[in-house]
Amino acid sequence: MTAADGRPIRVLVVDDEQALSELVGMALRYEGWEVRTAASGLAAVSAAREFRPDLVVLDVMLPDIDGLEVLRRLRADIERMPVLFLTARDDVSDRIAGLTAGGDDYVTKPFSIEELVLRLRALLRRSHLALETESSTIVVGDLTLDEDAREVRRGGEIINLTATEFELLRFLMRNPKRVLSKAQILDRVWNYDFGGQANIVELYISYLRKKIDAGRDPMIHTMRGFGYVLKPAA
C-alpha cells in the first residue's frame, strides 16, 4: 500500500509504552510505511503538525492530555486522517467515547500486531487515501516469494515451507541486506506476546537454511552478536 500520490503511507503512533510503540513501529515499517512515534499527547499534536500523517494509532490513556483531547486538536489541523484508538479498558463507554469524538476504529490491549495492521489497511481502503500495488511477489536474487499463493522458489525450484518458516522468510526478504536481531524477529514473526526464548529463532533459521541454502550459495548469514541477514548469493 502507498499513498494516493505514490509516496509511503505516513503513520503516527502515540503511546507512552516505549516497547509497544517500537514494536508497532517496526511492524508498520515492515509494511513499507513511514513511522513517527510520540509518548505524550502534546508531543503527538506537535509531531502531527510537522509530519502530516495519513493515519494515527492513538492510545486513550496518556500522561498529559488524553487521547480524546489529542484527537480533537488533530482534527482541527488535519480533517481527513483516520485514527485508530488503543485502549487497555474493554469498556463499552470508552469505545463509544472514542468513536463519538471522531475515532474511526479501536483495538483493546493486548492485541495482535497482525490484527492492528489489517485494521489500519482497512481504514486506508475505506478512506480512499491509499493505492494497493498489484504484485504480491518479493524477489531477492534468485529467491522469489509469492505472498498470495504462499509459494517460494529458488532458481525456479519450488521450496515447501511450514507457515512459520514462510513468515520468517517473508520478514527476511522484506528487509534484504538488513541485519535483524533475534528480538526483532521474535516480535514480528511470533508477535510481541510470545513467551518463548530467542533460541527458537536459531532453530527456525536452521530449518530455513536447510531448505533455502542446501546445496546452493548461502543467502542467510549470521552476524555474530547482531542477528541475521538475507542477501543475494555472491
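Note that the structure is predicted; figures quoted are calculated from it, not measured.
- Using modelled atom types and a 3.5 Å distance limit, the side chains of R119 and S112 yield no donor-acceptor pair.
- A salt bridge links E157 with R216: the closest approach of a Lys/Arg side-chain nitrogen to an acidic carboxylate oxygen falls below 4.0 angstrom.
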Query - side chain to side chain contact (heavy atoms under 4.5 Å, CB included) assessment of V229 paired with R178 - result: CA-CA 6 Å; V229 61; R178 177 184 170 191; 5.6 Å; no
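- The residue from L116, L55, V13 that alone fulfils the side chain to side chain contact (heavy atoms under 4.5 Å, CB included) condition with L84 is L116.
- Taking R10 as the reference, R7, E34, F51, R52, D54 meet the side chain to side chain contact (heavy atoms under 4.5 Å, CB included) condition, with sequence neighbours excluded.
- With hydrogens and angles ignored, the 3.5 Å screen pairs a side-chain donor or acceptor of Q184 with a backbone N or O of S181.
- Other members of a hydrophobic cluster containing I158 are absent, since no ILVMFWY side chain comes under 4.5 Å of it, directly or through relayed contacts.
- At least one donor-acceptor pair under 3.5 Å links the side chain of D64 to the backbone N or O of L42.
- Shown here for D146 and F166, the closest heavy-atom pair between the two residues is O-CZ, 3.8 Å.
- Counting only distance, with no hydrogens or angles, the side chain of S46 and the backbone of A43 share no donor-acceptor pair below 3.5 Å.
- Heavy-atom minimum distance, V117 versus L28: CG2-CD2, 4.0 Å.
- Atom CG of residue L123 and atom CE of residue M81 lie 12.0 Å apart, to the nearest 0.5 angstrom.
- With values rounded to the nearest 0.5 angstrom, E165 atom CD is found 10.0 Å from N160 atom CG.
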Query - side chain to side chain contact (heavy atoms under 4.5 Å, CB included) between L68 and F85, worked out - result: CA-CA 9 Å; L68 302 182; F85 275 115; 3.7 Å; yes
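- Of all heavy-atom pairs spanning T162 and Y204, the tightest one is OG1-CE2, 4.4 Å.
- Scanning all heavy atoms of the two residues, the minimum distance from R29 to V35 falls at NH2-O, 3.5 Å.
- At distances below 3.5 Å, not a single donor-acceptor pair connects side-chain atoms of D66 with backbone N or O atoms of L62.
- Under the 4.5 Å side-chain heavy-atom criterion for Ile, Leu, Val, Met, Phe, Trp and Tyr, M223 and M173 are members of distinct hydrophobic clusters.
- For the residue pair D104 and R126, the shortest heavy atom distance occurs at O-NH2, 3.9 Å.
- Legend: ring-ring contact (aromatic ring centres under 6.0 Å, His included) pairs involving residues 215-234, not counting sequence neighbours: none detected.
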Report task. Please test V107 against D105 for side chain to side chain contact (heavy atoms under 4.5 Å, CB included), starting from the C-alpha separation and ending with a verdict. Result -> CA-CA 7 Å; V107 294; D105 202 353; 5.8 Å; no
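- Using a 4.5 Å heavy-atom cutoff, the side chains of K211 and R154 are not in contact.
- Proximity of a side-chain donor or acceptor of R209 to a complementary backbone N or O of P218 within less than 3.5 Å is not detected.
- D213 contributes a side-chain N or O that, together with a main-chain N or O of I220, makes up a donor-acceptor pair within less than 3.5 Å.
- Between V14 and S40 the shortest heavy-atom distance is CG1-O, 3.9 Å.
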Query raised in the report: Please walk me through it: do L208 and L172 pass side chain to side chain contact (heavy atoms under 4.5 Å, CB included)?
Result: CA-CA 11 Å; L208 268 188; L172 294 172; 4.1 Å; yes
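- Checked for salt-bridge contact, E167 and R150 meet the test: a charged N lies under 4.0 Å from a carboxylate O.
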